[in-house]
Every structure is written in C-alpha cells, then in structure tokens.
Amino acid sequence: MATTRVSSDALAAFAVFAEHLNLTRAAKLLHISQPSLHSKLATLARELGRPLYERAGNRLQLTPDGERVARFARDHEERLALFLDELRGVPSARPLVVAAGHTAYLYLLGDTIRGMLAERPGSLRPLHTSRQQMRAAVVTGRAHLGVFTLHVRPDDLVTVPIATYPQVLLVPEDHRLARRRSLRLTDLAGADLIVPPPARPHRTNLERALSEAGVPWTAAVEAEGLPMTLDFAALGVGLAVVAGCVQPAPGLAARRITDLPLITFYAVHRPGALDDPRIADLLTRVRRGIPPAARRAATRSAAA
C-alpha cells in the first residue's frame, strides 16, 4: 500500500495561510514569494488528494477538509514547539490564544488576562472576534479557547457554561423606568432603543420578543458593538438592552427585564484540548474570575 507523504514545510505554510486566508499577506509573513506559497499549497492539496480552500466571491475560504488540515497543521506545529522547549528545559514561549467579543473581554476575562500577563508577559494573546469568527478560530486551532454567548451549541466543539446573567435595560437615572426595581417588556412600549444592525442575533431575538409581547418601539440608532452601544446610552440617545454583567456608566441605571431569557456565556474548546495542562489551567482561571452568583446561575442553567 502506498504511503502518503506530507511535507512539514507545506503544512507550516498552510497554517499561516489558513489564519489569514490571503495569499499575499501569508507569503509576506513566510518571507517567500506568492507563487512559491501557491506552489506549496497546491503540493499539499495534491499529496492529500483534497481541495483545501476555494473562492467564495471576492474572498477565499477553507473547505471542510481544509479546516481539518489547518487544525492538524497548527497542532503539529504547537506539539513540535512544546517538545523542543521541553527538550531544552525552558518554559514554552508560545502564547495561549483566547477568542472573545467585547462583553466577555470587558466584564468576564479582565482579571484572568491581567493575572496571566503579570505572571508571565506574552503568555496570553487575546483575539477579538465575532461569534462566528470565534467558532472558526477554535475549530481551525487558531484559538485555544473561545468565550461567547451561544444561540446554538456546536456539535463539533466542547461548550462549558461559565456565567449566566439576566438581560437588563440601561436607562438614565432620571428616567421614569429607573424608578422600578425590575421591568417587563410591556414597560418598553414606545421606547427609543439602541440596537445592533439588522440580522445580528441580539437584534433578531429582541425584535422577536418585543413583537410577541405586542410592544411597539423605535430604533434610536443602530450601534456596532457594545462600546458604541454604551456610548450612545451615556449620551442619552436611547435605551439599551444588554447582558446583566455590563456595568452602567455614571448617570445610567440597569433594570432587569424579567420576561427576557437569561444569557449564558460559554467557554468553547476542541475535544481533547484540556489534555494540554496549559489550556486546562486557562479554563480554570477563567471560571475562577467569574462572580460566584453568575457561576452558580450557569450551573443551574446547564442542569435545567
């Protein structure tokens, strides 16, 4: 039976290409010409007998086989680096990569990041992503751990609930709704709301909930990302529905909306990733950095 031979050099080149999905950028990082990189990728695809990437409109994307090869290539590169570090008797210099969005970085991961970087500078590299980008980064091995809310839990990844919060309304302290300890959706009737752009999961879910409750509302502004949402809320442009972990700016109050579902944040990793003690320790640190009440709520949510 013929043995398939795979070039380690081509695997390393594919790992870089898979991270950027741009031939020019990847070739520059590898210090080779673009034709040379293209040749390496073509050789690898030929050796494996599988197309590894394809064009989708004006961009390149990995095929399912390409995602698997990218994951293997990064694992191979990392295991080799760890082995060589162990052989030399030195701590690994390769950083762990966390993929997360604004809310997780601002309110869940700060203590973990500060603590790890204080102990060993360069040991952790944050990667700011959308939910879809987070999943792709973890699947392909670009990130060791992802932290995000999930509307659908992926079957090919391990998802661990780490924090659960209610949804709250950010309102000016002198607003009539700020006098209430908690709210219902019907209390938002006629409100000007700060919302994400159309088709974003939070916008879709909020619109559906308001519609089902028969609540009329107006989009005061469409804000891209949590920081912009908080800025507009602080300016008094409108009211904002956010996760309960968000700390209101001075002059704003947060009031729980009791008939909106709870929001759970998950730590996401590939099967077998916790066999690496560094990743297991990272997950432990992340969970310890979560307020106890939010951790307990996540445990109850997972058991329900």
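Not measured: the values here are computed from a predicted model. All residue numbers refer to positions in the sequence shown, counting from 1.
Partners of D111 according to the salt bridge (Lys or Arg N to Asp or Glu O under 4.0 Å) rule, which considers only residues two or more places apart in sequence or in another chain, are R114. Take T218 and apply the side chain to side chain donor-acceptor pair (under 3.5 Å) test, not counting sequence neighbours, and it matches no residue. In this structure R68 satisfies the salt bridge (Lys or Arg N to Asp or Glu O under 4.0 Å) test together with D65, sequence neighbours excluded. Under the side chain to side chain donor-acceptor pair (under 3.5 Å) criterion, D281 pairs with R285, not counting sequence neighbours. Applying the side chain to side chain donor-acceptor pair (under 3.5 Å) test to S130 and every residue at least two apart in sequence or in another chain returns Q133.
Interatomic distance, L127 CG to E19 CD, rounded to the nearest 0.5 Å: 8.0 Å. Within the model, atoms CD1 of I263 and OG1 of T103 stand 8.5 Å from one another, a figure rounded to the nearest 0.5 Å. In this structure, CG on L230 lies 8.5 Å from CD1 on I194, to the nearest 0.5 angstrom. Taking CG from L124 and OG1 from T112, the interatomic distance works out to 8.5 Å, rounded to the nearest 0.5 Å. With rounding to the nearest 0.5 Å, the separation of OG in S36 from CG in L23 is 11.5 Å. Interatomic distance, CG of N22 versus NE2 of H20, reported as 9.0 Å (0.5 Å rounding).
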Can you list the steps and then say if H269 with L274 is a side chain to side chain contact (heavy atoms under 4.5 Å, CB included)? CA-CA 8 Å; H269 61 79; L274 300 189; 3.8 Å; yes
request  = Mind running side chain to side chain contact (heavy atoms under 4.5 Å, CB included) on L206 and L260 for me, showing each step along the way?
outcome  = CA-CA 8 Å; L206 183 58; L260 279 180; 4.3 Å; yes
Check: Could you walk me through whether L44 and L11 pass the side chain to side chain contact (heavy atoms under 4.5 Å, CB included) check?
Finding: CA-CA 7 Å; L44 181 62; L11 272 176; 4.2 Å; yes
**OP:** Decide side chain to side chain contact (heavy atoms under 4.5 Å, CB included) for L226 and Y107; before the verdict, give the C-alpha distance in whole Å, the side-chain angles of both, and the deciding distance to 0.1 Å.
**Re:** CA-CA 11 Å; L226 180 66; Y107 301 106; 3.6 Å; yes
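Ring orientation note: the planes of F265 and Y165 are nearly perpendicular, at an angle over 60° on the 30°/60° scale.
Here the options are R71, R74, E67, the test is side chain to side chain donor-acceptor pair (under 3.5 Å), and the partner is T140; only R74 passes. Each of I162, L283, V268 was scored for a side-chain contact (heavy atoms from CB on, under 4.5 Å) with V147, with one residue passing: I162. Shown are L210, T258, L169; of these, the side-chain contact (heavy atoms from CB on, under 4.5 Å) with L185 is made only by L210.
Between T186 and D259, every side-chain heavy-atom pair lies at or beyond the 4.5 Å cut-off. Side chains of L150 and M134 form a contact here, defined as non-hydrogen atoms less than 4.5 Å apart. Annotation: side chain of H202 is not in contact with side chain of T149 (no heavy-atom distance under 4.5 Å). In this structure, the side chains of L52 and L41 stay at 4.5 Å or more apart for every pair of heavy atoms. Between M228 and H102, every side-chain heavy-atom pair lies at or beyond the 4.5 Å cut-off. Taking the side chain as every heavy atom from C-beta outward, R270 and V139 never approach each other to under 4.5 Å. The side-chain heavy atoms of Y266 and P154, taken from C-beta on, include no pair separated by under 4.5 Å. Between L62 and F14 the shortest side-chain heavy-atom distance falls below 4.5 Å.
Judged as a salt bridge (Lys or Arg N to Asp or Glu O under 4.0 Å), the pairs with a partner in residues 199-228 (not counting sequence neighbours) are, in order, R200-E224, R203-E207, R203-E222. Pairs passing the salt bridge (Lys or Arg N to Asp or Glu O under 4.0 Å) check and including a residue from residues 25-44, sequence neighbours excluded, read D9-K40. Sequence neighbours left out, not one pair with a member in residues 158-177 passes salt bridge (Lys or Arg N to Asp or Glu O under 4.0 Å). Sorted by first and then second residue, the pairs that involve residues 24-60 and meet ring-ring contact (aromatic ring centres under 6.0 Å, His included), not counting sequence neighbours, are F17-Y53. Sorted by first and then second residue, the pairs that involve residues 147-156 and meet salt bridge (Lys or Arg N to Asp or Glu O under 4.0 Å), not counting sequence neighbours, are R135-D156.
In the hydrophobic clustering, where aliphatic and aromatic side chains (Ile, Leu, Val, Met, Phe, Trp, Tyr) are joined below 4.5 Å either directly or transitively, L262 stands alone.
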In a table with atom names and distances, give each donor-acceptor pair under 3.5 Å that connects a side chain of residues 241-255 to protein atoms at least two apart or in another chain.
| unit_1 | atom_1 | unit_2 | atom_2 | d |
| --- | --- | --- | --- | --- |
| Q247 | NE2 | C245 | O | 3.4 |
| R255 | NE | A178 | O | 3.1 |
| R255 | NE | R180 | O | 2.7 |
| R255 | NH2 | A178 | O | 3.0 |

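Checking N205 against H151 by side-chain atom types alone, a donor-acceptor pair falls below 3.5 Å. Between the side chains of E54 and T63, no donor N or O sits under 3.5 Å from an acceptor N or O.
Between the side chain of S39 and the backbone N or O of P35, no donor-acceptor pair lies under 3.5 Å.
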